Enquirer: 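If you scroll down you'll find the structure; I have some questions about it.
Reminder, nothing fancy here: chain letters follow the sequence lines and each chain counts from 1. Worth saying up front: this structure is predicted, and the values here are computed from it rather than measured.
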Amino acid sequence: MTRKRKLWMRLTMLSLFMLIFVAPVILMFLKSVSFGWSWPDWRPTQFDLRGWRVVFGDPRIFSSLWNTILIAGVVVMLNFIIATPAAYALSRFHFRGKAIIESLLMLPILIPVLAIAMGLHLTMIRLGLTDQVLGVIFIHLLPTLPYAIRVLKSGFDRLKNEWEEQGAVLGANSQTVFWTVMVPLMTPSIRSTAVLVFVISLSQYVLTAIIGGGTVSTLPMIYYPFFTSADEAVIASFSVLFALLPIMFLILFEITLRVYLRVIKRP
Amino acid sequence: MLIKVEKLTKSYAGQTVFSDLNLEMTKGEIMSLVGPSGCGKTTFLRCIAGLSFSTSGSIYVNDVNITNSKADERPVVLMFQQPLLFPHLTILENVTYGLKYGKNKSKKQERIERGLAILEKVELAALSGRYPNQLSGGQQQRVALARALILNPDLLLLDEPFSSLDPSLRSSIRSWVRDFLKKEGVTALFVTHDREEAMMMGDRIAVMKEGIFQQIGSPKDVYQQPKSPQVAEMFSEGLVMEGFFLSPDHLTLRPKTSLKAADTEAFDATVEYKILKYGHTFYHVYVHALEQRVVVLSNHEFLDGEQVELCYKRISLQTYNKNHPVDEGKSSKKLSR
Ligand SMILES: Nc1ncnc2c1ncn2[C@@H]1O[C@H](COP(=O)(O)OP(=O)(O)OP(=O)(O)O)[C@@H](O)[C@H]1O
Ligand SMILES: [Mg+2]
C-alpha cells in the first residue's frame, strides 16, 4: 500500500519535473530545427536548419560567445575570491556593525542595479574602465556578489566549527584544513554559487550595454534584438544555445570538483 | 613530568570559568576528570589542546612551554564527544589524515602501512575502504581513536568520548580503550560525567567543581576520603555532613529495636527499596536527619518502608581536610545539634 503510494508519488514528481523543466527545452529545440510549425499541427511537419544558420551566420557570434564565457568565468572566479572570506567572516565572527554590513550587502538586490550602475558609470569612465571587458566583469560583480556571499555564508553557518578544530588538532594548519576539509564539505554551496553567478552574469544585458558601450559584445547583446523579429526558429536556436551554456558549465564544474576531491582524498 | 599545567585560568568576558588550576601527569598515566555539567571540563581540555587560549597560566609538555602555540603545533590530540570523521574520506584516508596533512609528513607508502597497522589494532582493518556513514557508532569512535593515536601524541585528551554510545556498547568499548591505551603507553586525560567510568579508566581522578580542582588522587582515596563536601557529594556514596564524612563501607543497617553499643551512633532511616546485585541485597535508605539517600549492603532482611537504624562507629567519622579519624568529643558535639 505505502510502497505503491510511494511509487505514485515518484512518478508524479518525475512527470512534473519533465513537464516544467525538460519539455520546454525539447520544444524549443524542435522549434529551432523546424519550418513553419504552428497550430494545429501537433508535430513539426518540415525540418530546416535555417534558424541555426542565421545564428552562426552572424559574424559576431563567435567573438561574443567567447566574451560571454570569458566574462562569466572570470566573474565566477572573482566571486569566489571575494565572497569566500567575506562569507566566512560574517558566519564565524561577531563584530560591531555586522548587521549593517549584512544589510548593505543586500542593497544591490533591493535597489535597481541600473541606478547604481548609472552612478558608477561616471567613475568608471574616469578610471578608463568603460568600453572594455574588464569594466564589464567589474560591473557584473554588482548583481552577483550579494547572492554569492549569501549562499556561501549559509553554507558556512551549517558547517560546525568542530570540523576545523578537528583538523587543527590533527596537526593541519588552517589553510590546509580549509582546502582539505572545508571545501569538500562545502561542495553543495560552492556548486550553487557557481551556477547562480554564472547564470546571472550570462543574462546581463543592460549593465553590459551601459559599461561595455556596445564595444563589448556578449551573447545577449546580439540575442535580444532578434526578439523584435518574428522569426521563431532563430529565437529558438538562440534560446537553446543560451540554455546549453550553463549546462556545459555545470558539467565542466562538476568534473573539476571530482578531480579535486580525488586529489585531496589520496590516503 | 610529562605534562605540567600551572595556575591555568580562563575567563570569558570577565566571567571566570576556572582559576589557578595545577596539574601534573607522568608518562603513560591516565587521568579521569569529573565534575558537574558546566564546571569547565571541556574548556580546560580546549585550553590544553590550543583550541581556546587561557587567560593566564602556563602549560608544559616535556618541559616545553606550549601555552601560546597554535593547536596544530601542539603534540596534543583532542578527541571530541562525536567521532567527527571526515565524511568525504574513507576510513583509511581519515586515519592517515594527520600523517598526510600534519606537521610531520610521511611518505605515501609509509602512511598506508601505518594506517592499516593501526586499523588492525583497533580491529577495523577489514573496513578500511568504507566511508564513515557505513560504520556503527562504536566503530566510528574506534576509528577516531586510531586517527588520534597514529600521530603518537604526547597527550591524548578525551572529552566524554563514549557518551553518545548506548550503555552496553559503552561499557565494552571503554574497557577496550583502557587496555589499548595502557598497552600503547599513551598518556591520557579523560573527561566523563560517570563516576564508575572515571574510576575504571583513571589511574588518578581529578574532581573539578566551581572552577577549581577539589581533589586529585587515586580512585580509592577520592572515594573513601573526599577532601570536601563537594567531592563527597559528587563522587562518594557515603553520608555528607557539615565538617564530617562517613564512608559507605563504615555504614551498617539494623532493626530499630536493638540496643546501642557504646562506641556506636545511629541515624533513623527508612528503607525505600532494595535491589539485588552481585549476589547481595542493597538497601536504598533515606536518612531523615540529613535529608540524604544512601545505599547500604546488608545481610538482614528488611521490608520496603521499614524504619531502621543506620549505624556507624564514632571512630569512622572523618573530617575533610585531614583525612584521619576525628576525636570523639568534637564529633558528638557537632552532631548533637
Ligand atoms: N565560548 C564561550 N563563551 C562564553 N562562555 C562560555 C563559552 N564556552 C563555555 N562557556 C562557559 O564556560 C563554562 C564551562 O563550560 P564547559 O563547556 O567547559 O563545561 P563542561 O564542564 O564541559 O560541561 P559539560 O559537562 O556539560 O560538558 C560554562 O558555564 C559555559 O557557559
Ligand atoms: Mg563538556
Enquirer: Which region of B/Leu85, side chain (C-beta onward) or backbone (N, CA, C, O), has a non-hydrogen atom less than 4.5 Å from a non-hydrogen atom of chain A, or is it both or neither?
Expert: backbone

Enquirer: Within the supplied structure, the quantity of interest is the number of heavy atoms (other residues, nucleotides, ligands) at a distance under 6.0 Å from A/Tyr260 OH; does it exceed 12?
Expert: yes

Enquirer: Taking every non-hydrogen pair under 4.5 Å, which of A/Val169, A/Thr187, A/Val177 racks up the most with chain B?
Expert: A/Val169

Enquirer: A/Leu170 and side chain to side chain contact (heavy atoms under 4.5 Å, CB included): which single residue from B/Asp72, B/Leu151, B/Ile150 fits?
Expert: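 It is B/Leu151; the other options fail the test.
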
Enquirer: Please report the interatomic distance NZ(B/Lys100) to OG1(A/Thr176), rounded to the nearest 0.5 Å.
Expert: 11.0 Å

Enquirer: More than 12 heavy atoms of other residues, nucleotides or ligands under 6.0 Å from CE of A/Met28: is that the case?
Expert: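 Count not over threshold, so no.
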
Enquirer: For atom CZ of A/Phe138, decide whether the heavy atoms of other residues, nucleotides or ligands shown that lie under 6.0 angstrom number more than 12.
Expert: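 No.
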
Enquirer: B/Leu78 versus A/Glu165: any side-chain heavy-atom pair under 4.5 Å?
Expert: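 No, side chains not in contact.
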
Enquirer: Can you measure from NZ (A/Lys160) to CZ (B/Phe80) and round to the nearest 0.5 angstrom?
Expert: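 Answer for the NZ-CZ pair, A/Lys160 versus B/Phe80, is 10.0 Å.
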
Enquirer: Are B/Phe86 and A/Thr180 packed together at the side-chain level, in the sense that at least one heavy-atom pair is separated by less than 4.5 angstrom?
Expert: no

Enquirer: Side chain from CB out, backbone as N, CA, C, O: work out which of these in B/Gln82 comes under 4.5 Å of a heavy atom of chain A, or both, or neither.
Expert: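 Side chain only.
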
Enquirer: Please indicate whether A/Arg150 has more than 12 foreign heavy atoms, meaning atoms of other residues, nucleotides or ligands, lying under 6.0 Å from its CZ.
Expert: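 Open.
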
Enquirer: Is it true that, when you exclude A/Arg258 itself, more than 12 heavy atoms of the residues, nucleotides or ligands shown sit nearer than 6.0 Å to its CZ?
Expert: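 No, the 6.0 Å shell around CZ holds no more than 12 heavy atoms from other groups.
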
Enquirer: I need the minimum non-hydrogen distance between B/His88 and A/Val181, along with the two atoms involved.
Expert: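 Scanning both residues, the minimum pair turns out to be CE1-CA, 4.1 Å.
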
Enquirer: Counting only non-hydrogen atoms closer than 4.5 Å, does B/Val95 touch chain A with its backbone (N, CA, C, O), its side chain (CB onward), both, or neither?
Expert: neither

Enquirer: Check whether more than 12 heavy atoms from other residues, nucleotides or ligands sit under 6.0 Å from atom CG of B/Asp166, and answer yes or no.
Expert: yes

Enquirer: Quick one: CD on A/Gln166 to CZ on B/Arg147, what's the gap to the nearest 0.5 Å?
Expert: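 Spacing of CD (A/Gln166) from CZ (B/Arg147) equals 4.0 Å.
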
Enquirer: With a cut-off of 6.0 Å (strictly less than), are more than 12 heavy atoms of other residues, nucleotides or ligands near CZ of A/Phe29?
Expert: no

Enquirer: Counting only heavy atoms not in A/Ile20 (residues, nucleotides, ligands), do more than 12 fall under 6.0 Å from its CD1?
Expert: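 Correct, the count exceeds 12.
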
